[in-house]
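In what follows, a structure is listed as structure tokens, so that the remarks can point back to it.
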Amino acid sequence: MRRQPGSGLRVVGRIVVSAVVLAGAVVGQGRAQQVSQPAERPTSQAVLSADEITYDDESGIVIADGNVEIAHGERLLLADRVRYDQSVDSIVASGNVTILEPDGDVIFADYVELSDELREGVIENIRILLLDNSRFAANGARRIGGRRTIMRRGVFSSCDVCPGDESQPPLWQLKAGTIVHDQESQDVSYTNAWLEFAGVPVLYTPYLTHPDPTVERRSGLLTPLLGSSTEFGGFARVPVFWAITPSVDVTFEPILATKKPSVMALEFRQHVDSGVYELSGSVTQADRETGDPLNPVVEPDVWRGHLFGTGRFDINDNWRWGFDVERASDRSYLDQYDFFGQPENVLTTNPYVEGYFGRSYVDGNAFVYQDVRGPFAVEQPLVLPDIDYEFVGEADSIGGRWSFDMNGRTTSRDSGPNTRRLIVKGGYFIPTQTNFGLLTTFSASVRADGYHMDKVVIDGVEENNVQEGRVIPRLAVESRLPFVRGTGGVRQLIEPAVAVVLAPGTGNPTAIPEEDSVAIELDDTNLFSEDRIPGDDRIDTGQRIVYGLKGGLYGERGGRLIAFFGQSYRWSEDDPLALASDIEEGYSDYVGRLEIVPNRYMDLLYRFRLSEANFEPLRNELGLTIGPPALRLTGDYVFIASEASAGAFPDREQVTAELSSQLTDFWSVSARTRRDLTSDGGPLEYDGRITYEDECFRFDTIYRRQFTESVGVDPGTRISFQFVFKSLGDETAQEVEFR
């Protein structure tokens with residue numbers, strides 16, 4: 001027998017290398033490796049160190065004592081004592097055994113014994129810490145075939161133990177007579193299992209299986225959502241995920257209710273070589289109300305549903321195509337079956353193709369609209385095609401750039417105007433800067449439009465085969481002179497700005513329908529724009545001067561105070577434009593904004609529009625966030641006077657406020673209200689939420705009270721609950737199977 005202290009380790013390292021290397025591989029729950037023939041065992045050297053090593057030549061036994069470390073590649077074994085018996089090819093490690101796996105998992109044990117070419121083994125008091133911080137623990141375990149760990153009287157949980165009091169049970173844990181972890185199939189199965197919550201057994205099952213936490217995507221049951229509402233009674237949403245291939249999956253979600261027929265919702269997703277797309281929708285057979293909300297007509301057992309979808313696909317390096325789909329079976333379905341988010345007033349379906357060529361861009365679109373505003377719905381046009389081309393040239397020797405834009409569009413409908421238009425616009429702009437800081441941009445453009453229309457109303461008479469055209473030249477110059485000064489860590493800014501825009505005083509014939517220029521709104525964001533009107537059917541014509549003043553204070557740590565105030569003066573009047581908007585001859589209303597962000601706990605943005613005649617507020621918008629996560633108030637306030645929309649709408653005033661609090665590291669609450677503040681208004685919606693979430697569990701309670709009503713949709717209350725045991729099937733699409 002030879003005893004060697006730490007320095008003469010080379011011979012011993014060669015002797016024990018095969019046993020030690022395989023010990024980490026077969027004990028760990030990571031990616032198991034199989035060695036079918038002794039000749040194929042690894043022969044590379046490992047690094048072995050210990051306080052003391054003893055080798056017996058006669059028995060072929062190697063013993064390493066004290067702070068034993070054996071490293072091979074990315075695997076590391078630590079123990080108080082290691083014994084290797086060459087005659088029976090057995091390795092035993094005892095005392096604070098720790099094995100660090102290449103995939104990041106860590107195995108702890110009191111005693112490990114491996115045999116049968118190191119592919120079979122027994123482990124006492126095993127504890128396995130997985131990469132996502134979930135863990136196994138068992139009185140004993142056995143390895144079979146180098147890929148399965150069978151644990152007796154085991155526990156699994158993804159919860160952290162209470163610091164300072166490890167005797168306390170985790171928030172939840174699964175206890176079972178037998179736990180089998182198959183690293184090859186990445187499955188964990190339990191026999192005679194209890195789910196304990198806060199140490200109290202709450203659910204028993206004779207058998208349960210789920211993927212191990214290394215699985216990111218697996219078919220199976222996702223977390224259900226349970227609740228009750230005035231409209232549906234008790235309801236349950238039970239999503240089931242099916243991973244068909246690595247690039248295709250489907251989620252089926254039956255929605256079961258006691259007062260309404262069941263709904264089947266579905267989501268389909270696929271990655272293809274050229275891109276990705278997803279489709280989601282629902283279908284049910286239920287009664288539908290139509291007509292006057294005060295005297296609705298009920299259609300029994302009608303098929304109802306919706307379809308949403310997006311897709312993006314590359315054709316080649318320059319071209320791609322895609323689609324966005326939003327359709328519903330009827331106007332009230334998405335309001336009544338409000339499990340799928342709040343719908344817009346108009347649903348839009350838009351297939352398109354687009355290309356990029358250096359400094360040019362071209363796209364072709366089709367638009368299909370569906371108005372879902374109930375009794376207020378109007379017929380929407382079919383837009384097919386809608387083609388755009390845009391080009392911006394390189395800067396020339398003096399810094400100027402040429403631009404060219406073109407649009408061709410056709411709209412059609414059963415009743416109402418049908419139009420075909422072609423718009424061509426060319427221009428040149430050049431930015432300049434003087435030595436004393438004056439920033440000026442000069443621009444010149446010419447736009448030519450041609451329209452061909454049917455079923456347009458002119459002087460109260462519907463006419464067909466109407467042709468209309470216009471040519472609008474425009475010159476503009478905008479100058480800004482920023483004054484900046486820094487004092488005491490604060491930068492101060494004062495920036496006066498002025499712009500002059502020159503164009504003909506006419507150019508909006510009444511024969512041209514307003515298809516894409518309906519919402520005309522003057523505010524601080526478009527005051528200095530050459531054309532303040534959205535869309536192309538209406539043009540901001542005439543001559544005007546625009547002036548404004550911007551001031552700001554900017555702190556070193558990101559705080560800021562910014563204010564802007566401006567107005568325009570128009571020398572000419574375009575009668576059709578004045579009738580459709582508030583853009584008239586003379587002075588415009590005053591517009592401005594105030595932004596206050598002193599620190600990360602406060603963010604206020606106030607935008608306003610004041611009457612030129614008497615400073616009466618015509619539009620007020622306030623967005624506000626105050627407070628840290630411990631107590632935060634967010635809100636939005638909007639007031640729009642009838643005069644701001646040229647009398648097209650009555651006064652509108654609404655406020656939304658939400659108070660939220662992160663009470664502790666795990667508990668949070670929030671309450672939200674939305675109210676109509678006009679004389680005939682009142683509460684529109686109340687929301688409340690209580691959430692508990694830690695590293696292994698999430699619980700949500702959601703309350704909602706809705707006061708609005710329309711055809712088929714009555715005011716009602718909803719409360720829902722969701723429990724998520726992380727690592728046991730949640731929104732990450734894992735599998736849970738009960739038998």
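Every heavy atom of this structure was used, including side-chain atoms; hydrogens, water molecules and symmetry mates were not.
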Query raised in the report: Is any NZ, NE, NH1 or NH2 atom of the basic residue among Arg674 and Glu685 found under 4.0 Å from an Asp or Glu carboxylate oxygen of the other?
Result: yes
Looking at [X] and [Y], would you say the former's side chain and the latter's main chain have a donor-acceptor pair under 3.5 Å?
{"X": "Gln543", "Y": "Ala503", "value": "yes"}
{"X": "Thr432", "Y": "Thr440", "value": "yes"}
{"X": "Gln662", "Y": "Pro629", "value": "no"}
{"X": "Asn350", "Y": "Phe367", "value": "no"}

Query - Tyr590: partners by ring pair (Phe, Tyr, Trp, His ring centres under 6.0 Å), with sequence neighbours left out - result: Phe565, Phe615
Report task. Sequence neighbours left out, what pairs pass salt bridge (Lys or Arg N to Asp or Glu O under 4.0 Å) with at least one residue falling in residues 438-451? Result -> Arg447-Asp449, Arg447-Asp536, Asp449-Arg470
Query raised in the report: Please, which pairs that meet salt bridge (Lys or Arg N to Asp or Glu O under 4.0 Å) have at least one residue in residues 478-504, sequence neighbours excluded?
Result: Glu478-Arg480, Arg480-Glu495
Query raised in the report: Mind checking whether Phe313 and Trp321 have parallel, tilted or perpendicular rings, split at 30° and 60°?
Result: parallel
**Report entry** For Arg312 against Phe323, the heavy-atom pair lying closest together
**Finding:** NH1-O, 3.2 Å
Report task. Can you see which heavy atom on Lys455 is nearest to which on Arg413, and at what distance? Result -> NZ-O, 3.4 Å
Query raised in the report: Centres of the Phe391 and Tyr361 rings: under 6.0 Å?
Result: no
